[in-house]
Structure formats: C-alpha cells, structure tokens
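Working notes, beginning with the structure itself.
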Protein chains: 2
Amino acid sequence: MIGAIMNAPARVIPLRPPDTPALFNPQARVCADCGVRRFALFGALDLQGLDQIHVDIVETRLRPGQPLYEAGQPGVAAFTVRAGLVRLERTNAQGERRVLRLAGRSDLVGMESMLGQTYAADAIACTEVQACRLPHGLIESLTRREPALALDLMKRWQRALDDADEWLVELGSGSARQRMLRLLLKLSEYGEEGATLWLPSREQIGSMLGMTLETASRLVSALKREGVIETVDKRHVRVAMPRLLAALGSSAG
Amino acid sequence: MIGAIMNAPARVIPLRPPDTPALFNPQARVCADCGVRRFALFGALDLQGLDQIHVDIVETRLRPGQPLYEAGQPGVAAFTVRAGLVRLERTNAQGERRVLRLAGRSDLVGMESMLGQTYAADAIACTEVQACRLPHGLIESLTRREPALALDLMKRWQRALDDADEWLVELGSGSARQRMLRLLLKLSEYGEEGATLWLPSREQIGSMLGMTLETASRLVSALKREGVIETVDKRHVRVAMPRLLAALGSSAG
DNA sequence: CGAAAACTTGATTAGCATCAAACCAGGTGG
DNA sequence: CCACCTGGTTTGATGCTAATCAAGTTTTCG
C-alpha cells in the first residue's frame, strides 16, 4: 500500500499505515496517521486522495460544555469525532432540552450540512473532544471524484438512524431504574479504558432519560450503594458489569 | 414536457403529467401518472428514465395490520408509500414493542436494504396502504446512471433522521396528556382530508407514547368530552385544531 | 348468536415529580 | 488563610400522576 501511493492501484488500507514519506502536506500526514481513519469517513480514500484534501481539514478541540455547532445555524461542515464524547440535543416546543443521542470516537455528526441544510440539533462536548472539521464543499467535490464515498456516507446516515431508534427503544420506556441501567450499558459502549466510563451530570441524565435530576441523583446513589457502580472521580465511575446485567435481568425477566 | 419525452432535454416535471402516449410499458405509465412521483424518490428522473425502470417496480397493497417487511429479514427492497400510513416498530431487550415513527404518503422506508443490510424495524400497515416496491439492485444501477439520485437518497435519510429526532423530542417527555396532544398534532400532519385523521388503537397509542393502554383510553375519552376531538368512526376522529392548540398551550406556557 | 378482541371505567397503589433544605467542592476576594 | 459564594448534588417529606388490577361494556367476526 505504501508503495502504491505513487502508482495508486489500491483500495485496501492497512489498519494503521506505517510512515509515509511521500506525503507533502503536514495535515495530510496527520490524516494518514489518524487512529480512526480506518473507521471514519475517509477510510475509503487512498493516501493520494488524502494528500489532496488535507488543506481544508482542521482539527478542532473542545472543552466540556463547548458547542461544536448549534441548531439552526447554516451547516458549513460535518465533523468526525476523534476522541471524547459529543451529545446531540434539541429544545422542544415547550422549551425543555432533551438529549437525542451521543457521538463518540469515529462517529460523524452534522451530516445535514452536506445537503445544504441548517444543523438539526446542538452538538455539545461532554468531555474533552478532538474533532476534524470537514467542510461540505470538500465532501461534495470528493464524492464526484470517488463514488464509493457516497455509499460510505449513506452508511453513516443509516448508522445515525439506527442509533436514534436504539435510544428511543432502549431509553424511552420502562421504569426510571431500568432506563438508568440501560443508559449505563450504553455509556459503557463509549467507555474509554476498562470498565471506567464518563458519567453525565444529574441534570443531563435527566435530559437523556426523561426524568428529573433528583430522581437521577437518587438512582445513582442507590446503584453506588448496591455496588453496581463505584466512584472514580466526580465525572467518572467504574461499573461492575456482572452486577449491572444482573440488575437489568432481575427487574424485568 | 410531454413533447420532451421524445427528445428529452428536461428535468422539470409538472405536478401531474397529462397523458403520455410515448411510454410503452404499462407500469411505466403507472409511474408517470403517480401522484407522488414529484415528491418521491424518482422525482429526479425524467419519463424516459421511468420507461427503463418500470420492469422491477411492483405496486403492493396492504390491509391494516399486514407487515410490509420485518426486522432482521434480509433487506431486498425499499418502499415508497403512495397512500395510507405505515408504522415502524421494534421490540426492545425486554420484549416490549415500541413504535418508532410513522411513514405516510411519499415517504421512503426500508432504505437500509440499499446498503445490503437487514431491515432494522418492522414496518406494519396502520391503514389501507399502497406502496411501490423498489428492489435494491434497481436503485444501485440507477444511481450509477443518475448521480443526482444519490443526493436525493441522502436527503431521504436525513428526513428519516429528523423524523426520529422529532418523535423523541416531542413525544418522549412531558405529562401523558401533553404527549397525547402532541401525538394528535403529529397525526394531523398525515391527515388525509380536512381535519379528519386516523386514530391508532389504544394499545398502539400506548406503544407510541410509552404509556399503558388504559391511560391512553382515559385521555382519548377526556379529549372527546372536552370537544377537542370528535368521533367519525372507530378509527377516525375529527380534531378541533384551535382547541387542540389551546389545550397544548395551557398545559405548559 | 356466541366468543374473542378492543375499549371503557373504577379503585387502589407505586413511582416519580415537586418543593424544600442541607451539603459539598471549587473558586474568589478580602 | 479563611469567609464567602456558587453550582452541582444529596436527601427528606408530601402529593399527584399514571400503573396496576379488576370488572363491565361494546364491537367484531366466525
């Protein structure tokens, strides 16, 4: 594959390409070395393609609470999340905020920008976030040159749709306790290392599960007492997966 | 446009093209005369294109309760809903069924089939349904010939995603009464004629709003007493929109 | 007509929202 | 350094909402 950079016949890409001296632009190098490239939007692109697109890609860093974009703004770019967690949320007719779903490593958010639409939701950093900004013009021109990318994009949309449905089905009904347990299960999918996962503020848990922050607090406290979760620091807990699964199973067999 | 069939320069299509004697295949005629074509997937195609694709398109009719497809089945075709209402629903880990959203006239469902995936949900007819079956192979080959179709498809996905988010935000929180009122508002978007709309069974309302069928029944009864809705027949009601909006406004200003 | 399914209505209870108060950690300024 | 403040969190007391259990009624359909 590395040899192929110069005479480019290939589509197959190794999981993490070794050094690639043929790339001229520094950002192209960053892209080539990116740990999520294989899973991200440009996984279908070869390195030569990368060398041509680098120019417009900007890496963005956000602190917890900072918005990546906001609902209603003209959509100028999509974003690949490289690290951290982003939450998508909307305000309903009654003015209550509601978290729609989360996006983590290798997820693509703000795809509506590629259709000339305004952003459909607020995207806000939950943790420290690293993201790559992909201007919509770039993607349009790339799709023309590389039709496989269009298929890749469609798969992205379908994944987002699956995620949305999953949140509705798993977190949308059942008792408060069940929803809390299922949320922990979901958060553990994004878990960085081991059984340690990021725990949202009580208010955010409420906004994800459709309950008050007091109820969320009581549930978290109860699960700590029961040894299902264990405090690591203010925003992180370690989860005893067997107990979590047992708790889920016992509440509705 | 009719003249253009023979020398085809056009992309502009009248809302409902008059007789088109130049088309040979009967199904192509059906497509050309289709009332939703302008809004449906092949709106971007000219009539000549239609004449070439007709062969694989089959019109399907369903009675209330019949499935269009089922979750987990290999996705062999997407469907454009021409008339009636289809509900998408899934069973969660605890075995409860949950309605994800509805699809009505001109909506496209089962798009995941075009990505070689199995269907992600059950699609079940709520009312009498007419749908056009679009085999995934057809769409693939068409996309190659007509790149604009890919963009059209992406817009479809985004619309589905918007719908999903909307359901979560609007029907996912608030009191049972508020959710019921918002559901009526949503159902009225699909309303056929005037203020008359299809009313789901109490069990289905429960499955859409995350409540028991008894609560749904009580709410429907109460709204009838209050004159917000009025029985037309077992499955249809007329809605007094001003009262509905007033009820929505008063319960949460 | 009779049985099954869908719907309605009532009584009771459990679960969660609401209101209220106290607690804690972190940061600021005197 | 300590007093103070602020925002997030915990915990308690109380009441309302909707689930549950239980009949009874209407509709549908063989």
Side-chain angles (χ1 to χ4, degrees), chain A residues 63-65 87 94-99 124 126-127 171-183 198-226 229-237 247 250-252, chain B residues 63-66 87 94-99 124 126-128 171-183 198-226 228-237 247 250-253:
Chain A
R63 328 231 72 227
R87 66 177 186 272
Q94 275 68 38
E96 313 148 19
R97 293 188 75 69
R98 176 91 202 209
V99 174
I124 304 173
C126 293
T127 63
L171 307 181
S173 51
S175 69
R177 174 169 230 263
Q178 281 177 324
R179 282 178 282 147
M180 182 75 220
L181 290 167
R182 290 186 210 141
L183 176 62
W198 170 79
L199 193 71
S201 77
R202 305 301 171 263
E203 188 173 19
Q204 281 164 35
I205 293 177
S207 165
M208 292 176 190
L209 300 180
M211 61 180 67
T212 60
L213 65 91
E214 290 96 331
T215 300
S217 174
R218 277 181 243 269
L219 289 169
V220 170
S221 299
L223 292 175
K224 280 178 182 167
R225 270 196 303 277
E226 296 168 29
I229 54 179
E230 184 189 4
T231 304
V232 172
D233 64 42
K234 194 110 183 97
R235 278 280 93 88
H236 294 266
V237 292
S250 65
S251 50
Chain B
R63 328 231 71 228
Q66 279 191 318
R87 67 176 185 271
Q94 275 68 36
E96 312 149 19
R97 293 188 75 69
R98 176 91 201 208
V99 174
I124 304 174
C126 293
T127 63
E128 300 255 331
L171 307 180
S173 51
S175 70
R177 176 169 228 265
Q178 281 177 324
R179 281 177 282 146
M180 182 75 220
L181 291 167
R182 290 186 211 140
L183 176 63
W198 171 79
L199 193 71
S201 78
R202 306 300 172 265
E203 189 173 18
Q204 281 164 36
I205 292 176
S207 166
M208 292 175 190
L209 301 180
M211 61 181 66
T212 61
L213 65 91
E214 290 97 328
T215 300
S217 174
R218 277 181 243 271
L219 290 169
V220 170
S221 299
L223 292 175
K224 280 178 182 167
R225 270 196 304 278
E226 297 168 30
V228 175
I229 55 179
E230 185 189 4
T231 304
V232 172
D233 64 40
K234 191 100 184 115
R235 279 281 93 89
H236 294 267
V237 293
S250 65
S251 50

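To find a chain, count down the sequence lines: A is the first, B the second, and so on, and within it residues start at 1.
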Look at B/Ser175 and D/dT17 and indicate whether a side-chain polar atom (N or O) is within less than 4.0 Å of OP1 or OP2.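 For D/dT17, OP1/OP2 do not have a side-chain N/O of B/Ser175 under 4.0 Å.
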Distance test, side-chain N/O of B/Thr215 to OP1/OP2 of D/dA19, below 4.0 Å: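 Answer yes for this pair, as a side-chain N or O of B/Thr215 is under 4.0 Å from OP1 or OP2.
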Separation of [X] atom [atom1] from [N] atom [atom2], in whole Å?
X	N	atom1	atom2	value
B/Leu213	D/dA22	CG	P	15 Å
B/Leu219	C/dT8	CG	P	11 Å
B/Met211	D/dA19	CE	C1'	12 Å
A/Ile205	C/dC16	CD1	P	15 Å
A/Asp233	D/dT9	CG	C1'	15 Å
A/Arg202	C/dC24	CZ	P	15 Å
B/Arg177	D/dT17	CZ	P	11 Å
A/Glu203	D/dT10	CD	P	13 Å

Check: A/Arg182 and B/Gln94 side chains under 4.5 Å, non-hydrogen atoms: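 Yes, side chains in contact.
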By nearest atom, which of the nucleotides [options] is closest to the [X] side chain?
X	options	result
A/Thr212	C/dC7, C/dC16, C/dA17	C/dA17
A/Arg235	D/dG8, C/dC7, C/dC16	D/dG8
A/Glu214	C/dA17, C/dC7, D/dT11	D/dT11

Could you check whether B/Ser221 gets within reach of a base, just the sugar-phosphate, or nothing at all, counting any heavy atom under 4.0 Å?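 Counting heavy atoms under 4.0 Å across all strands, the contact made by B/Ser221 is with sugar-phosphate only.
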Taking everything shown except B/Gln66 itself, do over 12 heavy atoms lie less than 6.0 Å from its CD?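 Yes, because the 6.0 Å sphere around CD of B/Gln66 holds more than 12 heavy atoms from other groups.
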So with a 6.0 Å cut-off around CD of B/Glu203, is the heavy-atom count from everything else above 12?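 No, CD of B/Glu203 has 12 or fewer neighbouring heavy atoms, counting only those of other groups under 6.0 Å.
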Can you give me the closest heavy-atom contact between A/Met208 and A/Pro200, atom names plus distance?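 A/Met208 and A/Pro200 have their closest heavy atoms at CE-CG, 3.8 Å.
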Looking only at heavy atoms, what is the nearest atom pair of B/Thr215 and B/Ala176, with distance?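 That closest heavy-atom pairing would be CG2-CB, 4.1 Å.
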Between C/dG10 and B/Arg218, counting only base atoms on the nucleotide and side-chain atoms on the residue, is there a donor-acceptor pair under 3.5 Å?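 Result: at least one qualifying N/O pair found.
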Between A/Lys234 and A/Arg179, who's closer to the 5' end of DNA chain C by nearest nucleotide?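 The residue whose closest nucleotide sits nearer the 5' end is A/Arg179.
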